[in-house]
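Every number for a ligand or one of its atoms is a count from 1 in the order of the listing.
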Amino acid sequence: MSDLATRLAQLDTHLARFRDGGIMNLIDGKDVPGSGGSFDTHSPVDDSLICSVSRSTAGDVDAAAKAAKGAFPAWAAMDGKERKKILHRIADAIVARAEEIALCECWDTGQAWRFMSKAALRAAENFRFFADQAPGARDGQTLFAPGQMNVTARHPIGPVGVITPWNTPFMLSTWKIAPALAAGCTVVHKPAEFSPLTARILSEICREAGLPDGVLNLVNGFGEDAGRALTEHPDIKAIAFVGESKTGSMIMKQGADTLKRVHFELGGKNPVIVFEDADLERALDAVIFMIYSLNGERCTSSSRLLVQESVAEDFHAKLEARVKRIKVGHPLDSATEVGPLIHKVHYDKVMSYVDIGKSEGAVCRAGGAREGEQGWFVKPTLFTGATREMRIAQEEVFGPFLTSITFKDEAEALDIANDVAYGLSGYLWTNDLTRALNFSDKLEAGMIWVNSENVRHLPTPFGGVKASGVGRDGGDWSFDFYMETKNTSFALGSHKIQQLGA
Ligand code: NAD
C-alpha cells in the first residue's frame, strides 16, 4: 500500500466514531449535545461530510462558564507542582495520539501531512514548556523603598475564554490553553466551526489525563452565537483570541460591558525584505517556505516580497520556476507541499484576489487558477510587478499567494514595508550588520527574523503591532495575561502619618 492509502485507512478508523456520534461539547467533564442542534463539517479535500457538530447557544456557553467558575478555586489553589504533573501527562497523551491528531487535522483543514505530523508534537512541547513554568507562575518581586517593603505576587485571573481559528487549530489551541491552565485559570474553548475535530480530541485527552472536571470545557458552534456569548459572559474574565482583525475588533466591543481583558493575535501582511547583499539562495528558500507552507494559511506568512531592484529579475525568475514546481495534492500524501484551502468560502476569497491582482496591473507569473476539479485546491500563485498601494499588496489573502514589489534602496524598502495596516512579523535578508540593526529597529512588526524563516523559541514574545494584535504571549508574557499582579506594601517602621482633624 502507498503511504497515502495507509493513512487513509488509518484515518477512516479514527473518523468512525465521529461519523457515528458526531462531535459533542464537553462541559464539566461530561459529553453534552449543543442546545442549538447541530451543523455539518466537511473535508476541504473533496467536500465530503465528516460528521455533525454540536451547535451551542448562549445557554450552553453559560453552562460551560459556570462549570469553569465552579472549578476555578480548587484548580487555582492546587500546588503548581501538581498542575505541572497533570500538564505533563496531557503532553504524554498528545504524543501517544500524535498520529491520530495529525490525520484528523489534515482531513479537517487541508493542511499537508509533512507539516501537521510535527504540529501535534509541537503542541505537546507547548504543554511541557508551560507545565515546567507552573510551579513558579505566582512568583513576584520584592521592591524596597525607604521605610517600606513591597511584595508582588501573581494570581490567576479566573475562568478565561479561548477562541481559535481554523488554520492550524490543534497547535494554536494548545498555545493558549496550556499557559492558561499552568497559570491556574480554568478555560472555556470555542474552536473554529470549520475545524472542530482536534479540539474535541484535546478535550478528551485532558479529561483522560486527570484534568479535573470543569477545568477545560469545550463549546462548539459559530462565532456570532457561541463565540459572542463567551465574550459577553460576566464570569469569563479574559478572552484569548486568534483570528481576523475585524473579528478582534468585534470582540473588543462585545467584551466592553464586562471590561474583558483581551489578548488578540490577528491578521498580517508580513514583508520579507531581500537586499542585494543577502545570501540569495537561502533567502529564496525562506521566501518560498514562508508563504507556501501551511497552504499560505499562516498568520506569520511572508505574503509581501520586497526585493532590491538590482537582483529582482534573477530572483523572480528562480522564484517562478520553484513556485511552478511546488507539489499540490492530497494532504495525506507525504510528497504534498500544498493541500486544499479550508472551505469554499475561503477558496472564493483567495481566487478573488487573482482577479484583483490582474485588474490592478500586476503580473501573474505562476498559479492563479484552481487545481483539479474536486476540493478547494489553488495552484501556488505569484504576482510580480506590484506596487505598494495595490490591494494585493495591502490586504491579507491568507492563501498560497505571494505579491512581489521591488525597491531601490533601504529607505524605500522601509517605507514600503511599514506602509500597511498590519504589523505582525517581518523577515530581513542582508549580510550588512548595521543595516540589519537599523532596519529591524524601524520596522513596524512585533516579531522580526533576520536571515531566517520563522523559527519559534517558546520563551520569546509572540504578537503583533497595529492591526495585527494586542498583547504578547510566549514565555512569561503568557502568565502576565492570564494572571493578575498584586502588590502588598509593608511599613518597616513608624513613619509619620498626617493627622487630619487632630
Ligand atoms: P475568524 O476571525 O473568522 O474566526 C476565528 C474564531 O473567532 C472562530 O472560532 C470564530 O467562530 C470566532 N468568531 C467569529 N466571530 C466572532 C464573534 N463575533 N465573537 C466571538 N467569536 C467570533 O478567523 P479565521 O478565518 O478562523 O482565521 C483566519 C485568521 O486568523 C487570519 O486573519 C489569520 O491571520 C488569523 N490568525 C492569526 C494568528 C496570529 O497569531 N496572529 C494565528 C493564526 C491565524
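If you check the side chains of His189 and Thr164, you find a donor sitting under 3.5 Å from an acceptor. A donor-acceptor pair shorter than 3.5 Å cannot be found between the side chains of Arg282 and Ser452. Under 3.5 Å, the side chains of Lys260 and Thr258 contain a donor-acceptor pair of N or O atoms. Using modelled atom types and a 3.5 Å distance limit, the side chains of Asp473 and Ser478 yield no donor-acceptor pair.
Each of the following atoms of ligand 1 lies closer than 4.0 Å to a heavy atom of Met250: 18 (N). Using a 4.0 Å cut-off to heavy atoms of Thr247, the atoms of ligand 1 that qualify are 1 (P), 2 (O), 3 (O), 13 (N), 14 (C), 15 (N), 16 (C), 22 (C). With ligand atoms numbered from 1 in the order given, ligand 1 contributes 40 (O) to contacts under 4.0 Å with heavy atoms of Phe462.
In this structure, of Val242, Thr231, Ile163, the residue bringing a heavy atom nearest to atom 5 (C) of ligand 1 is Val242.
Per-atom contact check: atom 18 (N) of ligand 1 touches the protein, criterion being a heavy-atom distance below 4.0 Å.
At least one heavy atom of Pro191 sits closer than 4.0 Å to an atom of ligand 1.
Trp166 NE1, 3.3 Å is the protein heavy atom nearest to atom 24 (P) of ligand 1. Counting only heavy atoms of the protein, atom 7 (O) of ligand 1 lies nearest to Phe241 CE1, 3.2 Å.
Under the 6.0 Å distance and 45° angle rule, Arg370 counts as a cation-pi partner of Tyr347.
Between Lys66 and Asp62, at least one side-chain N (NZ, or NE/NH1/NH2) sits under 4.0 Å from a carboxylate O, which counts as a salt bridge.
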